[in-house]
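What follows is one structure encoded as structure tokens, with my remarks underneath.
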2 protein chains.
Amino acid sequence: MDTDVKRRRLQLFEQLCRDRGIPATVQRRAILEAVLGLTTHPTADAVFSEVSRRIPGVSRTTVYRTLDALFAMGLIAKASHAGSAVRYDPNTSAHHHLVCRNCDAVIDVIDERLDHVPVPDTSLVGFVVTDHQVQFRGLCKNCRTKEDEP
Amino acid sequence: MDTDVKRRRLQLFEQLCRDRGIPATVQRRAILEAVLGLTTHPTADAVFSEVSRRIPGVSRTTVYRTLDALFAMGLIAKASHAGSAVRYDPNTSAHHHLVCRNCDAVIDVIDERLDHVPVPDTSLVGFVVTDHQVQFRGLCKNCRTKEDEP
DNA sequence: TTAAGTGCAAAAGCTTTGCGGGTAG
DNA sequence: CTACCCGCAAAGCTTTTGCACTTAA
């Protein structure tokens, strides 16, 4: 992620904490920095590994709780796709995903044309649409080469 | 699900089993019928409950194993969206979903316009797209009324 | 000071695995 | 007959919860 964006996100974090009168702890800063530094849409466990390097004694529980908190503050996003574990995403603006059906890797897609797909008429079922996301499924580079050599 | 479609799906199941020389057991038939009969994109546990009614002694393990097998045979689909449990879908053809961000309910969307969204250029990352799905997020009827009365 | 956060241990929810006995083809 | 399936129990992985101690504001 761009250094400038990171810096601003961290400043936003500090401000949101001040506004709400909640402590900006070492752990929280480190966990936010870890997500901002990973481009792999890490699972909570992957974030835990990364953070453990900087704060050796940190607990998994704190990572889970903090990821939830950062998500609630709008500082990070959840990547919604099938798979055993939830994945987190530093990119909070509208974007789409390539999802590998073999290894569950998630790659960002930025394409304005996808931000304006036709919204179906959902008045019959009483559903209110606020948001949408396009998922492209297929095979990533790694898994493609693996399938070629059986 | 339409009775005719159900009947044909069950026939297809019998034939696939014969072709592959694998037994079409009572349990498998019942599990397939259960998924075809539920329009709620049931979790494995919901399928288990439904099947238990017809086959009182059936085990969760068999339900999990069979859902996997039916998926591998292309007889049912997995609904890919964030949430703790995997959900199964009798509709195996291209379609899209409304996902409630409050209760995780999944509702089918059939809209041809969504079947032809622009496919982004993924040659740079070496990803081969085979498929896509649009997810509309928002609030379902139930959760909307709940939020109105806090 | 004091409300909130942290770590630990334990539990909960979903799913998979190993194994002995049973059953469809 | 024989390969495959079934149910049971146990374990695995991700995530949540309760509680005593610590820390940021």
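To find a chain, count down the sequence lines: A is the first, B the second, and so on, and within it residues start at 1.
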- request: Can you sort out which residues in residues 31-39 of chain B have a heavy atom within less than 4.0 Å of DNA chain C? Ascending by number, please.
  value: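 Correct list: empty, so none.
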Between [atom2] on [N] and [atom1] on [X], what's the gap in Å once rounded to a whole number?
X: A:Arg87; N: D:dT15; atom1: CZ; atom2: P; answer: 11 Å
X: B:Gln27; N: D:dC8; atom1: CD; atom2: P; answer: 11 Å
X: B:Met73; N: D:dC5; atom1: CE; atom2: P; answer: 10 Å

Distance-only polar pair, side chains of [X] and [Y], donor-acceptor under 3.5 Å:
X: A:Thr40; Y: A:Arg87; result: no
X: B:Asp121; Y: B:Ser123; result: yes
X: B:Asp111; Y: B:His95; result: no
X: A:Ser52; Y: A:Ser49; result: no
X: B:Ser93; Y: B:Asn91; result: yes

Are there any protein N/O atoms within less than 3.5 Å of an N/O atom in nucleotides 19-25 of chain D, and if so, which ones and at what distance?
unit_1: D:dA25; atom_1: OP1; unit_2: A:Ala24; atom_2: N; d: 3.2

message: Among residues at least two apart in sequence or on other chains, which ones pass salt bridge (charged side-chain N to carboxylate O under 4.0 Å, His left out) with A:Arg9?
response: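 Scan of A:Arg9 (salt bridge (charged side-chain N to carboxylate O under 4.0 Å, His left out), adjacent residues dropped) gives none.
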task: Could you identify which residues cluster with A:Tyr64, counting Ile, Leu, Val, Met, Phe, Trp and Tyr as linked when any side-chain heavy atoms lie under 4.5 Å apart, either directly or through a chain of such contacts?
output: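 Result for A:Tyr64 is none, singleton.
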message: Can you list, by chain and residue number, the hydrophobic cluster partners of A:Val128 when the side-chain cut-off is 4.5 Å?
response: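 None, because no other hydrophobic side chain comes under 4.5 Å of this residue.
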field: Where A:Arg28 and A:Ile22 come nearest, the two heavy atoms and their spacing
entry: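 Looking at all heavy atoms of both residues, the closest pair is NH1-CD1, 4.1 Å.
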- prompt: For B:Pro118 and A:Leu114, which heavy atoms make the closest approach, and how far apart are they?
  reply: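 Looking at all heavy atoms of both residues, the closest pair is O-CD2, 3.4 Å.
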- prompt: OP1, OP2 of D:dC5 versus side-chain N and O of B:Arg28: anything below 4.0 Å?
  reply: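 So the side-chain polar atoms of B:Arg28 do come within 4.0 Å of the phosphate oxygens OP1 or OP2 of D:dC5, strictly under.
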Please enumerate all protein N or O atoms sitting under 3.5 Å from an N or O of nucleotides 9-14 of chain D, with distances to 0.1 Å.
unit_1: D:dA9; atom_1: N6; unit_2: B:Thr61; atom_2: OG1; d: 3.4

query: Ring centroid separation for A:His96 and B:His132, is it under 6.0 angstrom?
result: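 Ring centroids of A:His96 and B:His132 are no less than 6.0 Å from each other.
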- prompt: Which comes earlier along DNA chain C counting from the 5' end, the contact point of B:Arg60 or that of A:Ile55, where each point is its nearest nucleotide?
  reply: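 First, find each residue's nearest nucleotide; the 5'-ward one identifies A:Ile55.
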query: Nearest to the side chain of A:Thr62 - C:dG7, C:dT15, D:dC6?
result: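 Shortest atom-to-atom distance from the side chain points to C:dG7.
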